[in-house]
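Structure, as structure tokens:
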Amino acid sequence: MKHLMNALDLSTDEIGALIDLAENIMQNPDDYAEVCKRKKLATCFYEPSTRTRLSFEAAMLNLGGQVLGFSSADSSSAAKGESVADTIRVISSYADICAMRHPKEGAPFVASMYSRIPVIHAGDGGHNHPTQTLTDLLTIKSLKGRLDNLTIGMCGDLKFGRTVHSLIQGMVRYPNVKFVLISPEELKIPDYLRKDTLIANRIEFKEVSVLEDVLPELDLLYMTRVQRERFFNEEDYIRLKDSFILDAKKMKLAPADMLVLHPLPRVNEIATEVDNDPRAVYFKQAQFGVYMRMALIMTLLGLNK
């Protein structure tokens, strides 16, 4: 494993090993405090991010390493017209590993082709977000105890939501996983996911437009925000942004052991009154992201203990 471009680049055994390492880091953080001493992580973020960028930086610092990088295209030489290929060639001289987010689909893959250091795909447009998928898998495995025999509800923006796309692709490889896809007509999952991932793998799924009707049958509910930045006009965003709001009343319809996940940031699709419900685990999920990225950095640098 030289780069991480897609969660599907990893076998289920490799994902299992990352989850095991992340769980061990969780339980024994002091044992990993100097694993990356004198190693540097470059965070090349051409698009704004809070959780992903800071969790990568926290992960490297927790491992005893150092971080450098930029948090927007305007603060990099991209503003002068420098290509991703040239940027990563230079970064390869400064750092030992790179995490890249870019608004253009395929940009991290291009970087991996020219890089002399491992590149971690940290999101590209509405396409893919593999480290969030690994974080989600860690969260599910740690809190549900399994990655198979699950009915997973995906709710909100399923068209542009890269976390949804990646998680579906990651979960279809586990036995007896079913999906309930909850969205307005305009925000249904893309055809390629429906045909090439769900139908091609004979995965049981259904598409609905009313959240309340399906809550009782879910093991997991994965909420997403309707993303303003993915819309071409404000009118469509305003019309669809409040399509689904999870509140305490709706939570009464859900099983006692159903978990609510969300990649964050939240806008108003989950009412704050849900935060105190023990089934709401999205803030734990964000913390798990640090442990998974620690495990991934170690693995790509060949520093497994």
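Heavy atoms only: backbone and side chains are in, while hydrogens, waters and symmetry mates are out.
Residues L215 and L218 meet the side-chain proximity criterion, which asks for heavy atoms closer than 4.5 Å. In this structure, R173 and I15 have side chains that are in contact, with non-hydrogen atoms separated by less than 4.5 Å. The side-chain heavy atoms of L246 and M251, taken from C-beta on, include a pair separated by under 4.5 Å. Annotation: side chain of M292 is not in contact with side chain of T131 (no heavy-atom distance under 4.5 Å). Looking at C44 and I91, their side chains come closer than 4.5 Å, going by heavy atoms from C-beta outward. In this structure, the side chains of M26 and L138 come closer than 4.5 Å at one or more pairs of heavy atoms. Residues F179 and K206 are not in side-chain contact: their nearest non-hydrogen atoms beyond the backbone lie 4.5 Å or more apart. Contact of the C155 side chain with the Y222 side chain is not registered, since no non-hydrogen atoms from C-beta on lie closer than 4.5 Å.
The main-chain N or O of R279 is found under 3.5 Å from a side-chain atom of D277 such that the two form a donor-acceptor pair. Between the side chain of T224 and the main chain of P263, no donor-acceptor pair closer than 3.5 Å is present. R101 places no side-chain N or O within donor-acceptor distance of the main-chain N or O of E47, the cut-off being under 3.5 Å. Side-chain N or O atoms of D219 include one that pairs as donor or acceptor with a backbone N or O of T151 at under 3.5 Å. Remark: side-chain polar atoms of K250 are paired, donor with acceptor, to backbone N or O of I245 under 3.5 angstrom. Not a single donor-acceptor pair under 3.5 Å links the side chain of H102 to the backbone N or O of Y46. Checked by atom type and distance alone, the side chain of D157 pairs as donor or acceptor with a backbone atom of F160 at under 3.5 Å. At least one donor-acceptor pair under 3.5 Å links the side chain of H121 to the backbone N or O of G123. Without hydrogens or angle criteria, S92 side chain to I88 main chain gives a donor-acceptor distance under 3.5 Å.
Counting heavy-atom neighbours within 6.0 Å of Y94 OH, excluding the residue itself, gives a total of 12 or less. For F205, the CZ atom sits in a packed shell: over 12 heavy atoms of surrounding residues, nucleotides or ligands are nearer than 6.0 Å. The number of heavy atoms from other shown groups lying within 6.0 Å of CD (E212) is above 12. Residue-environment remark: NZ (K144) exceeds the threshold of 12 foreign heavy atoms within 6.0 Å.
Remark: F288 CZ to L134 CG distance equals 14.5 Å, nearest 0.5 Å. Going from atom CD1 of I297 over to atom CG of L4 covers 11.5 Å, rounded to the nearest 0.5 Å. A distance of 6.5 Å separates CG in L296 from CD1 in I97, rounded to the nearest 0.5 Å. With values rounded to the nearest 0.5 angstrom, K195 atom NZ is found 12.5 Å from L198 atom CG.
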Walk me through it: do L221 and L259 pass the test side chain to side chain contact (heavy atoms under 4.5 Å, CB included)? CA-CA 6 Å; L221 174 61; L259 300 181; over 6 Å; no

Assess the residue pair I189 and E207 against the criterion (side chain to side chain contact (heavy atoms under 4.5 Å, CB included)); give the C-alpha distance rounded to whole Å, side-chain angles, the decisive distance to 0.1 Å, and a yes or no. CA-CA 9 Å; I189 62 166; E207 296 179 86; 4.2 Å; yes

Show the numbers, then the answer: is there a side chain to side chain contact (heavy atoms under 4.5 Å, CB included) between L301 and C36? CA-CA 9 Å; L301 289 176; C36 286; 4.2 Å; yes

Run the side chain to side chain contact (heavy atoms under 4.5 Å, CB included) test on T133 and T163 for me, step by step, so that the C-alpha distance in whole Å, both residues' side-chain angles and the decisive distance to 0.1 Å come before the verdict. CA-CA 7 Å; T133 301; T163 57; over 6 Å; no

The test is side-chain hydrogen bond (donor to acceptor under 3.5 Å, both in side chains); show your working for T135 and Q285 and say whether it passes. CA-CA 7 Å; T135 295; Q285 183 183 354; over 6 Å; no

Check the pair R89, S115 against side-chain hydrogen bond (donor to acceptor under 3.5 Å, both in side chains), reporting the backbone distance first and the verdict last. CA-CA 6 Å; R89 285 184 176 111; S115 180; over 6 Å; no

Would you sort out whether Y114 and D86 count as a side-chain hydrogen bond (donor to acceptor under 3.5 Å, both in side chains), showing the intermediate values? CA-CA 8 Å; Y114 293 91; D86 282 0; over 6 Å; no

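Salt bridge D247/K249: absent, no basic N to carboxylate O contact under 4.0 Å. Electrostatic pairing of E217 and K178 does not count as a salt bridge here, judged by no charged N lying under 4.0 Å from a carboxylate O. Under the 4.0 Å criterion applied to side-chain N and carboxylate O atoms, E269 and R266 are not assigned as salt-bridge partners.
Closest non-hydrogen pair, G156 versus P184, comes out as O-CD, 4.0 Å. Counting all heavy atoms, side chain and backbone alike, A95 lies closest to I117 at O-CG2, 3.3 Å. Shown here for P108 and D124, the closest heavy-atom pair between the two residues is CD-CB, 3.8 Å. Of all heavy-atom pairs spanning M154 and I168, the tightest one is CE-CG1, 3.7 Å. Here the shortest heavy-atom pairing between Q169 and V172 reads O-CG2, 3.4 Å. Listed here is the closest heavy atom pair of L158 and I182: CD1-N, 3.7 Å.
Between the side chains of N24 and Y32, at least one donor-acceptor pair of N or O atoms lies under 3.5 Å. Side chain to side chain, N176 and N149 meet the donor-acceptor criterion of an N or O pair below 3.5 Å.
Residues L147 and L8 do not share a hydrophobic cluster, defined by chaining ILVMFWY side chains whose heavy atoms lie under 4.5 Å apart. No continuous path of hydrophobic side-chain contacts links L54 to Y291 [ILVMFWY only; heavy atoms under 4.5 Å]. Hydrophobic clustering of Ile, Leu, Val, Met, Phe, Trp and Tyr side chains at less than 4.5 Å, counting indirect connections, unites M5 with V110.
The side-chain hydrogen bond (donor to acceptor under 3.5 Å, both in side chains) test with S55 singles out one residue from Q132, Q287, R293, and that residue is R293.
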Which donor-acceptor pairs under 3.5 Å do the side chains of residues 57-68 make with protein atoms, sequence neighbours left out?
| residue | atom | partner | partner atom | Å |
| --- | --- | --- | --- | --- |
| E57 | OE2 | T43 | OG1 | 3.2 |
| E57 | OE2 | R53 | NH1 | 3.3 |
| N62 | ND2 | A58 | O | 3.3 |

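Ring geometry, H165 versus Y192: the interplanar angle exceeds 60°, so the pair is classed perpendicular (tilted spans 30 to 60°).
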